[in-house]
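Here the structure is a predicted model, which is why all the values come from computation and not from measurement. In the text below, chain A, chain B and the rest are named by the order of the sequence lines, each starting its count at 1.
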There are 2 protein chains.
Amino acid sequence: MNDHERESGFTRGDLAIATGCNIETIRYYEKAGLLPDPPRTGAGYRIYSAAHARRLRFILRARELGFPMEDIRGLLGLGDGTSPTCAEVKERTERHLADIRAKIADLQRMEAVLATTASHCSGAEVPECPVLDALSGSSEP
Amino acid sequence: MNDHERESGFTRGDLAIATGCNIETIRYYEKAGLLPDPPRTGAGYRIYSAAHARRLRFILRARELGFPMEDIRGLLGLGDGTSPTCAEVKERTERHLADIRAKIADLQRMEAVLATTASHCSGAEVPECPVLDALSGSSEP
DNA sequence: TGTAAGGTCTGTAGCAACTACAGGCTCAAG
DNA sequence: CTTGAGCCTGTAGTTGCTACAGACCTTACA
């Protein structure tokens with residue numbers, strides 16, 4: 001790679017460091033269509049711009065908030081090629097919010113069961129255990 | 001399958017219906033070593049007993065509570081062949097509980113961010129959107 | 001007895017969302 | 001000029017299933 005080829009561009013490693021993203025994940029997002037195919041040097045090395053970095057940071061933030069990739073595609077306007085309206089984004093966000101709340105409720109139900117069951121444990125070095133009994137369904141005949 | 005062969009046994013389909021488990025999942029648990037290999041008829045059909053049904057119900061309950069399969073293996077004493085002591089079960093349960101609580105905390109953080117962000121949405125048919133702005137990092141320079 | 005419908009058998013591929021190699025180039029520094 | 005680091009590709013593994021395809025077996029009914 002010479003100076004002309006790489007002027008003002010990131011390599012994949014640079015981009016990974018700049019964004020904190022795993023280097024392989026970048027390639028994965030490209031294949032998944034979230035990140036546009038970057039130009040290449042003569043030797044085939046990817047050259048990323050600041051725009052790519054912005055896009056990747058957007059994706060990473062959305063993923064941190066738990067948006068599935070399909071949703072991110074929508075937020076990026078990759079479905080129909082037009083960027084989504086505020087209404088569309090809001091709808092997607094609220095559906096996602098509902099999913100998250102459902103997951104929280106699920107986990108809280110699990111938590112409640114496990115916390116009560118575990119609290120009955122003697123913690124002794126014996127094979128009898130109230131947790132196993134609960135799982136074995138002795139409570140439901 | 002004749003009367004002699006199937007006396008007092010479930011087929012895989014029977015077991016699926018009796019436990020509410022997907023029929024393919026039963027085969028999966030067998031391959032994963034959670035469910036013991038059942039005896040077979042001359043034609044190769046699996047024959048399950050009430051003990052298999054109890055074991056499967058145990059597994060399904062543990063999965064509902066979010067225990068990963070590795071943990072279930074431990075709870076079933078499939079690691080070293082001896083059934084675990086109450087202390088071991090308690091430890092595993094509490095580690096799992098901690099995982100669940102961490103997941104809840106994660107999701108609650110997501111929920112908070114999404115709820116506030118979405119509440120700023122006009123819901124209008126315009127391309128400007130505070131959710132997208134937040135994801136684009138305009139808030140973090 | 002024949003046959004059609006349903007069950008079961010195996011292996012394999014797919015889902016999400018990555019992550020981690022192997023084997024081969026290429027690039028930069030000493 | 002060599003050495004080590006970085007990049008390239010494709011592919012396989014992760015977790016916990018689910019869903020086929022194509023072959024075989026069983027059961028019910030005529």
(message) One pair to check against salt bridge (Lys or Arg N to Asp or Glu O under 4.0 Å): A:Glu24 and A:Arg27. What are the steps and the verdict?
(response) CA-CA 5 Å; A:Glu24 298 292 334; A:Arg27 200 157 59 97; 3.2 Å; yes
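- The nearest whole Å value for the distance from the OH atom in A:Tyr45 to the C1' atom in D:dT9 is 12 Å.
- The salt bridge (charged side-chain N to carboxylate O under 4.0 Å, His left out) analysis of residues 110-120 of chain B, with sequence neighbours excluded, yields the pairs A:Arg101-B:Glu111.
- As rounded to whole Å, 14 Å separates atom P of C:dT8 from atom CD of B:Glu30.
- Nearest-nucleotide assignment on DNA chain C puts the 5′-proximal partner with B:Ile23, out of B:Ile23 and B:Lys31.
- When the C1' atom of C:dA16 is taken as reference, atom CD1 of A:Ile72 falls 12 Å away, rounded to whole Å.
- Take B:Val131 and apply the side-chain contact (heavy atoms from CB on, under 4.5 Å) test, not counting sequence neighbours, and it matches A:Val89, A:Thr93, B:Thr117, B:Cys121, B:Cys129, B:Leu135.
- Taking atom CG on A:Leu15 and atom P on D:dC7, their separation rounds to 10 Å, with Å as the unit.
- Contact annotation: B:Arg40 side-chain N/O to C:dT10 OP1/OP2 distance is under 4.0 Å.
- At C:dC9, one or more side-chain N or O atoms of B:Arg12 fall inside 4.0 Å of OP1 or OP2 (strictly under the cut-off).
- Screening residues 61-104 of chain A for ring pair (Phe, Tyr, Trp, His ring centres under 6.0 Å), with sequence neighbours left out, gives A:Phe67-A:His96.
- A:Ile17 has its CD1 atom 14 Å from the P atom of D:dA5, to the nearest Å.
- Here B:Ala51 pairs with B:Ser49, B:Arg54 under the side-chain contact (heavy atoms from CB on, under 4.5 Å) rule; sequence neighbours left out.
- In this entry the distance linking OH of B:Tyr48 with C1' of C:dG7 reads 14 Å, nearest Å.
- Annotation: the span from B:Asp106 atom CG to A:Ile104 atom CD1 amounts to 10.0 Å, rounded to 0.5 Å.
- A close approach under 4.0 Å does not occur between any side-chain nitrogen or oxygen of A:Arg73 and OP1 or OP2 of C:dA16.
- Among residues two or more places apart in sequence or in another chain, the side chain to side chain donor-acceptor pair (under 3.5 Å) test is passed with A:Asp99 by none.
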(request) Spell out protein contact along nucleotides 17-22 of chain C as letters: B when the base is contacted, S when just the sugar-phosphate is, - when no protein heavy atom is under 4.0 Å; keep the 5' to 3' order. (result) BBBBB-
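- As a whole-Å value, the separation of B:His96 NE2 from D:dT15 P is 15 Å.
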